[in-house]
Amino acid sequence: MKTLSILFTHEFFYCRISIVECVKNSKKGMNQVNRDIFKKISIVIIAAAIFTGCSAKTGTELKDSKPQIVKVTKNLQRNTPEETIKSYYANEVNSDAEFLSKYFINPQMSEVDLIKKKINAFKVKKIEVIKLFNMKKQGNYAVSICSFNTYFNGIEKPRPDIEVVSLVNKNGTWYILNDYGSVLDKDLNWLNETNSEQKKFAAKDNDIKAIIKQSENFDKINSKFLDKGNKAMIQMRNTNNTSF
């Protein structure tokens with residue numbers, strides 16, 4: 001995979017796998033992610049794609065993305081990767097950073113404080129899962145494509161988007177995998193191969209292409225709102241003297 005980041009105001013910022021990037025890069029060839037990159041980069045799950053425009057061109061007929069009815073709990077004893085993903089998204093807006101950090105295998109690398117600042121800057125009121133695509137599991141690891149809606153204050157329709165999520169099971173509980181330093185070579189190879197497969201799947205799946213198109217349309221219609229959020233982030237950075 002070419003990069004683990006998606007763009008925020010034209011800077012590589014959020015360390016996670018964006019399907020928007022996957023669809024574009026699938027036309028240029030796949031580069032395998034190496035252990036050095038995994039050691040240096042934490043994969044953060046948040047609706048970071050709300051901070052960037054999508055650019056996958058498709059002719060797929062558009063339909064409004066409807067969220068699945070899912071049972072969500074604040075119980076951190078997450079028995080399946082599916083429950084972990086859905087629970088994290090459901091709690092991301094209203095839960096504090098300390099609570100959210102416990103979803104990650106390495107809480108210190110989760111960057112949830114920064115995530116909360118971005119949610120506030122863009123006035124996000126809710127994030128919810130639409131559907132999980134192509135869940136793959138092997139041993140203590142799982143990789144899935146997640147589609148989700150982001151709802152903003154003052155905007156009627158949500159912004160749908162897609163991202164790849166990697167998870168790991170530790171002592172019976174599933175965590176978002178954001179630290180690859182202790183991943184065995186055989187498991188790292190599987191994660192590499194599976195993430196590449198997910199990118200290829202996303203580039204061909206009509207439902208995913210439709211979601212990306214909806215995301216593009218949202219960005220065009222609400223460009224002023226997103227620009228205002230970007231400016232709020234810049235002001236927050238300058239006020240707090242924080243590097244984003």
Side-chain angles (χ1 to χ4, degrees), residues 1-6 14-19 21-23 25-26 29-46 48 68 70-92 99-112 129-148 162-205 207-208:
M1 87 192 55
K2 189 170 183 179
T3 177
L4 291 179
S5 302
I6 70 173
Y14 268 96
C15 300
R16 66 178 202 180
I17 304 169
S18 168
I19 289 295
E21 289 296 312
C22 292
V23 171
N25 291 340
S26 66
M30 303 296 177
N31 294 326
Q32 189 176 38
V33 177
N34 59 45
R35 181 174 294 276
D36 290 338
I37 293 176
F38 276 138
K39 283 183 178 181
K40 295 177 181 178
I41 299 178
S42 62
I43 296 181
V44 179
I45 196 171
I46 174 126
Q68 293 179 316
V70 296
K71 182 179 180 181
V72 176
T73 174
K74 276 202 169 187
N75 181 5
L76 289 181
Q77 297 301 317
R78 300 175 298 271
N79 297 321
T80 67
E82 292 87 350
E83 180 183 349
T84 301
I85 294 171
K86 294 170 183 177
S87 178
Y88 180 85
Y89 276 96
N91 288 306
E92 196 166 38
F99 175 82
L100 293 175
S101 70
K102 296 177 182 177
Y103 279 84
F104 294 85
I105 193 64
N106 187 337
Q108 288 72 37
M109 291 177 61
S110 63
E111 300 183 8
V112 288
V129 170
I130 303 170
K131 182 180 179 181
L132 301 180
F133 294 85
N134 206 35
M135 176 68 73
K136 300 291 184 181
K137 301 176 185 177
Q138 178 170 291
N140 290 326
Y141 295 93
V143 180
S144 179
I145 300 173
C146 177
S147 60
F148 57 94
I162 301 286
E163 66 184 5
V164 175
V165 185
S166 298
L167 304 100
V168 60
N169 186 303
K170 181 179 180 181
N171 299 326
T173 298
W174 286 88
Y175 296 86
I176 299 165
L177 183 58
N178 68 325
D179 184 356
Y180 291 77
S182 61
V183 178
L184 297 177
D185 286 343
K186 65 179 183 66
D187 295 321
L188 189 66
N189 289 337
W190 181 82
L191 289 166
N192 262 331
E193 293 171 0
T194 305
N195 276 291
S196 293
E197 291 172 4
Q198 298 289 30
K199 291 196 295 185
K200 294 176 183 178
F201 178 91
K204 296 178 181 179
D205 186 85
D207 288 339
I208 291 177

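Across all their heavy atoms, K131 and V129 have their closest contact at N-CG1, 3.6 Å. Shown here for L132 and M135, the closest heavy-atom pair between the two residues is CD1-CE, 4.3 Å. When every heavy atom of N91 is checked against every heavy atom of L100, the shortest pair comes out as O-CD2, 3.7 Å. Contact between S110 and S101 at its shortest, heavy atoms only, is OG-CB, 3.6 Å.
A distance of 10.5 Å separates OG1 of T194 from CG of N189, quoted to the nearest 0.5 Å. Atom SG of C146 and atom CD of E82 lie 11.0 Å apart (nearest 0.5 Å). With rounding to the nearest 0.5 angstrom, the CG atom of L191 is 8.5 Å from the CD atom of Q138. Considering CD1 of I176 and NZ of K102, their distance stands at 14.5 Å, rounded to 0.5 Å. The CD atom of E163 lies 9.0 Å from the CD1 atom of I85; values are rounded to the nearest 0.5 Å. One finds the OG1 atom of T84 at 6.0 Å from the CG atom of L167 (value rounded to the nearest 0.5 Å).
R78 contributes a side-chain N or O that, together with a main-chain N or O of W174, makes up a donor-acceptor pair within less than 3.5 Å. Using modelled atom types, no side-chain atom of T173 and backbone atom of N169 make a donor-acceptor pair closer than 3.5 Å. S144 places no side-chain N or O within 3.5 Å of a backbone atom of V165 that could act as its donor or acceptor partner. A donor-acceptor pair under 3.5 Å is formed between the side chain of Q198 and the backbone N or O of V143. Without hydrogens or angle criteria, D205 side chain to F201 main chain gives no donor-acceptor distance under 3.5 Å.
Considering only heavy atoms from C-beta on, E111 stays 4.5 Å or farther from N178 through its side chain. The side-chain heavy atoms of Y88 and Y175, taken from C-beta on, include no pair separated by under 4.5 Å.
Using a 4.0 Å cut-off between a side-chain N of Lys or Arg and a carboxylate O of Asp or Glu, E193 and K136 do not qualify as a salt bridge.
Side-chain contact annotation: S87 with Y103, donor-acceptor N/O pair under 3.5 Å present.
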